[in-house]
Novice: 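Take this structure, written in structure tokens, and hold onto it; I'll ask about it next.
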Amino acid sequence: MRPAHIIRILPLYAVLLFAGCGGDSSRQSDTSGGNASVQQQASKIIEPCQLISQEEAAKLLGEAVKPAEKSEQQVVGMKLCLYNPASGEPIPFLQVSLTQDAFFPPGGVGTASIYKSLKDNFEGMRTDVEGVGDEAFITTGGIYIMADGYYIQVGAGNTSNAAIRERLIEAGKMAVAKLKTLE
């Protein structure tokens, strides 16, 4: 498997891995938070391609991109939108995933629990980012953002590259701003 493909599927594997480890204690926010969780469960489901459009992805990448490839994993409340370059080369790419309580099946672990598990797992390997959502960090796989009860992950390549890190922060700010208009 090529390294580019490994980077693209890492967020999905991470979410699936931690979703299985949550248990009932991960739903604490539902039992102590009152109606907020119930209200979000009843809200509409947001598509990740609504957070960053094809045109915006092309601008971020500096080249034309193919129409988005979409996938989803309802068991972990995640929808994914992948933009590949029109040139057919595997790099650069932009992948946006959105995990939301409204897309979880009944009894699912919850968005906040998945984000916290990922954040804890990357302790010592992440760089916290200020000014993007409620909280955010960059590590292998991209930028991980918690904003208004939604978990957004944006991948764009090797996070050791300073230009990629800047692209991730810009994409993260764009996604959070768009999310606020869609809620």
Novice: State whether the side chain of Arg126 and the backbone N or O of Lys119 hold a donor-acceptor pair below 3.5 Å, judged by distance alone.
Specialist: yes
Novice: Where do Ala171 and Leu94 come nearest, in terms of heavy atoms and distance?
Specialist: CB-CD1, 4.4 Å
Novice: At what distance, to the nearest 0.5 angstrom, does CG of Asp128 lie from CD of Glu130?
Specialist: 7.0 Å
Novice: Ring centres of Tyr150 and Tyr115 under 6.0 Å apart?
Specialist: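 For Tyr150 and Tyr115, the ring centres are not under 6.0 Å apart.
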Novice: Please round to the nearest 0.5 Å and tell me the distance separating atom CD1 of Ile45 and atom CZ of Phe103.
Specialist: 6.0 Å
Novice: Would Lys79 and Gln74 count as a side-chain contact (heavy atoms from CB on, under 4.5 Å) if you check the C-alpha gap in whole Å, the side-chain angles of each, and the deciding distance to 0.1 Å?
Specialist: CA-CA 8 Å; Lys79 289 183 163 274; Gln74 188 173 10; over 6 Å; no
Novice: Do Tyr83 side-chain atoms and Ile52 backbone N/O form a donor-acceptor pair below 3.5 Å?
Specialist: yes
Novice: So do Leu98 and Leu51 actually touch side chain to side chain, heavy atoms under 4.5 Å?
Specialist: yes
Novice: For the pair Lys180 and Glu183, find out whether any cationic side-chain nitrogen is under 4.0 Å from an anionic carboxylate oxygen.
Specialist: no
Novice: OH of Tyr144 to OG of Ser97: how many Å apart, nearest 0.5 Å?
Specialist: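 Reported value, rounded in 0.5 Å steps: 8.5 Å.
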Novice: To the nearest 0.5 Å, tell me how far Thr111 OG1 sits from Asp148 CG.
Specialist: 12.0 Å
Novice: Is there a side-chain contact (heavy atoms from CB on, under 4.5 Å) between Ile143 and Ile145? Walk through the geometry before answering.
Specialist: CA-CA 6 Å; Ile143 187 168; Ile145 306 162; 3.9 Å; yes
Novice: Among Glu72, Gln95, Glu47, which one satisfies side chain to side chain contact (heavy atoms under 4.5 Å, CB included) with Leu80?
Specialist: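 In the set Glu72, Gln95, Glu47, the residue that makes a side chain to side chain contact (heavy atoms under 4.5 Å, CB included) with Leu80 is Gln95.
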Novice: Could you walk me through whether Thr127 and Arg165 pass the side-chain contact (heavy atoms from CB on, under 4.5 Å) test, one step at a time?
Specialist: CA-CA 10 Å; Thr127 303; Arg165 292 170 79 84; 3.0 Å; yes
Novice: How many angstroms lie between atom CD of Glu166 and atom CG of Leu60, to the nearest 0.5 angstrom?
Specialist: 12.0 Å
Novice: Just how far is it from atom CD1 of Ile138 to atom CZ of Phe122, taken to the nearest 0.5 Å?
Specialist: 12.5 Å
Novice: Strictly distance-based, threshold 3.5 Å: is any side-chain N or O of Gln100 a donor or acceptor partner for the main-chain N or O of Met78?
Specialist: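 No; zero donor-acceptor contacts below 3.5 Å.
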Novice: If we only count heavy atoms from C-beta on, is the Asn84 to Val65 side-chain gap below 4.5 Å?
Specialist: no
Novice: Answer yes when Glu56 and Lys178 have at least one side-chain N-carboxylate O distance shorter than 4.0 Å, and no when they do not.
Specialist: yes
Novice: For Leu179 and Ile46, run side-chain contact (heavy atoms from CB on, under 4.5 Å): C-alpha distance rounded to whole Å, both residues' side-chain angles, the deciding distance at 0.1 Å, then the answer.
Specialist: CA-CA 8 Å; Leu179 176 67; Ile46 298 171; 3.7 Å; yes
Novice: Contact between Thr99 and Phe104 at the side-chain level, heavy atoms closer than 4.5 Å - yes or no?
Specialist: yes
